[in-house]
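Comments concern the structure below.
All figures in this text were calculated on a predicted structure; none of them were measured in a lab. What's counted below: heavy atoms across the whole structure, side chains too, no hydrogens, waters or symmetry copies. Below, chains carry the letters A, B, ... as their sequence lines are ordered, and counting in each starts from 1.
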Amino acid sequence: MEPARAEYVPNPDASRDEMEAQQREIANVATFADAGCPAPAAVEIEEPLDLDQRRSLAGTGPIVAGVDQAFLDGVAVSAVVAIQGDSVVEVACGRTELSIPYIPGLLSFREGGPIIDALDSLTVDPDLLVFDGSGRIHYRQAGLATHLGVVYDRPAIGVAKNLLCGQPAESLAEPLPEGTRVPIYADESVTAEPGTILGYASQSRQFPNPERRHVNPIYVSPGHRVSAETAVSLVAAMGAGYKLPEPIRLADRAASDCKH
DNA sequence: GCGACAG
DNA sequence: ATCTTGTCGC
């Protein structure tokens, strides 16, 4: 697939000020409301899928693409796994030399290159992109999922394993029951009206007895063309019994496979 | 100055 | 993100 807005392709050689300025601009053109994204019921994944059992595209069901990265020395490997219904329909990889270090808040400038490299070789046309990292839960409301969602002008969701910024509506220190969703509000650290719901902490999975051993929530936020509420529901629909949604879980595996 | 900080 | 075996419990 090809970028729809080439002017927003992240440039790792830009100055920090330029990066931050571009992020504010991206947040302004991003849509944090449902606009052409699939319905959660249309992308349900009941059982864990197998990366090695691929099937060809069939019919007009929505295609969801999961994206994740792995690293070796100075190289970033990005993998995209495209899923339609209960089938993996395509797997693509991309790799790029790492040019800048990891800086919280500027992740898309470090990992955007390999991701675009991978998406460039994808032949199917995804209806939804799911990224490992934040979307609107970001200092300038322009995390990885928002940045790339805008670059491709495609519905996009960010799924993070840790909270970058924002204020949970309630404490997340104690284990939550499975299915719990806690709003993440904008606070002073975010360029949004205080009280804006940036995303949700979602307890996608929990053990029967959290006293002994518990699972942490995931942090789901809209990237582009999806609301915070629909984003959590979409991710929950693709859980297949795991903490992380199937597209991300498979992309994670594909990326480490791609390394070796 | 101090603390916080996706992957 | 990455370096890594066994081990405990629904």
Side-chain angles (χ1 to χ4, degrees), chain A residues 10 12 16 19-20 23 26-27 66-80 93-116 118 129-149 156-168 172-173 175 177-178 184 186-191 198-203 205-224 228 231 235 241-245 248-249 251-260:
Chain A
R16 183 166 185 149
M19 291 178 179
E20 295 186 355
Q23 289 180 328
I26 283 167
V67 186
D68 192 20
Q69 286 72 243
F71 304 86
L72 65 160
D73 297 320
V75 183
V77 174
S78 185
V80 185
C93 284
R95 60 181 65 216
T96 295
E97 296 277 325
L98 286 167
S99 42
I100 59 173
Y102 164 67
I103 301 167
L106 299 178
L107 188 65
S108 60
F109 293 92
R110 172 175 162 89
E111 301 187 353
I115 292 172
I116 288 170
L129 301 171
V130 184
F131 293 96
D132 63 310
S134 274
R136 195 183 189 183
I137 298 180
H138 180 274
Y139 309 120
R140 292 164 294 279
Q141 304 182 80
L144 182 71
T146 302
H147 198 144
L148 290 162
I157 296 174
V159 179
K161 294 181 285 298
N162 291 285
L163 188 60
L164 175 62
C165 61
Q167 179 63 52
L172 303 177
E178 190 166 304
I184 304 298
D187 57 17
E188 310 71 43
S189 70
V190 180
T191 61
L198 302 172
Y200 287 88
S202 174
Q203 196 65 55
R205 191 189 167 178
Q206 189 52 280
F207 290 131
N209 191 343
E211 308 290 309
R212 305 185 55 79
R213 189 177 166 183
H214 64 273
V215 179
N216 293 137
I218 56 177
Y219 301 90
V220 180
S221 59
H224 184 44
V235 169
Y242 285 89
K243 164 175 171 169
L244 291 168
I248 291 295
R249 216 176 59 81
D252 185 275
R253 268 203 45 208
S256 49
D257 287 355
C258 201
K259 276 201 311 188
H260 310 146

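- Taking side-chain N and O atoms only, A/Lys161 has a distance below 4.0 Å to OP1 or OP2 of B/dG7.
- Using a 4.0 Å heavy-atom cutoff across all strands shown, A/Ala70 reaches sugar-phosphate atoms only and no base atom.
- If you take CD of A/Gln69 and P of B/dA6, they are 15 Å apart, rounded to a whole angstrom.
- Both A/Lys259 and A/Arg205 sit near DNA chain C, but only A/Lys259 has its closest nucleotide nearer the 5' end.
- Side chain of A/Tyr139, nearest nucleotide from C/dA1, C/dC8, B/dC5: B/dC5.
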Discussion item. The test is side-chain contact (heavy atoms from CB on, under 4.5 Å); show your working for A/Ile218 and A/Arg205 and say whether it passes.
Written reply: CA-CA 9 Å; A/Ile218 56 177; A/Arg205 191 189 167 178; over 6 Å; no
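- Note: OH (A/Tyr242) to P (C/dC10) measures 19 Å, nearest angstrom.
- With C/dA1, B/dC5, B/dG7 as the choices, the nucleotide that has an atom nearest any side-chain atom of A/Leu164 turns out to be B/dC5.
- Contact annotation: A/Tyr219 side-chain N/O to B/dA6 OP1/OP2 distance is not under 4.0 Å.
- For the pair A/Arg110 and A/Phe71, the distance from NZ or CZ to the six-membered ring centre is under 6.0 Å and the angle to the ring normal is within 45 degrees.
- Here the C1' atom of nucleotide B/dG7 and the CD1 atom of A/Ile218 are 16 Å apart, to the nearest Å.
- Proximity note for A/Pro208 (side chain, C-beta onward) versus C/dC10, C/dT2, C/dA1: the nearest is C/dC10.
- Residue A/Asn209 is out of contact with every strand shown, counting any heavy-atom pair closer than 4.0 Å.
- Counting non-hydrogen atoms under 4.0 angstrom, A/Gly158 reaches nothing in the nucleic acid.
- Side-chain contact between A/Glu97 and A/Val75: present, with at least one pair of heavy atoms (C-beta onward) separated by less than 4.5 Å.
- Applying the 3.5 Å distance criterion, the base of C/dC8 shares a donor-acceptor pair with the side chain of A/Arg213.
- C/dA1 atom P lies 10 Å from atom CG of A/Leu244, rounded to whole Å.
- Side chain of A/His138, nearest nucleotide from C/dT2, B/dC5, B/dA6: B/dA6.
- In this structure, the CG atom of A/Asp73 is 10 Å from the P atom of C/dC3, given to the nearest Å.
- Rounded to whole Å, atom C1' of B/dA6 lies 12 Å from atom CD1 of A/Ile115.
- Put simply, A/Asn162 has no side-chain N or O that comes within less than 4.0 Å of OP1 or OP2 on B/dC5.
- Counting heavy atoms from C-beta on, the side chains of A/His138 and A/Leu164 come closer than 4.5 Å.
- The two residues A/Arg136 and A/Thr146 make their nearest non-hydrogen contact at N-OG1, 3.5 Å.
- Taking the side chain as every heavy atom from C-beta outward, A/Ser221 and A/Leu198 never approach each other to under 4.5 Å.
- What separates CZ of A/Phe71 from C1' of C/dC3 is a distance of 15 Å, to the nearest Å.
- The CG-C1' distance, from A/Leu148 to B/dG7, rounds to 13 Å in whole Å.
- Within the 4.0 angstrom heavy-atom criterion, base atoms lie near A/Leu106.
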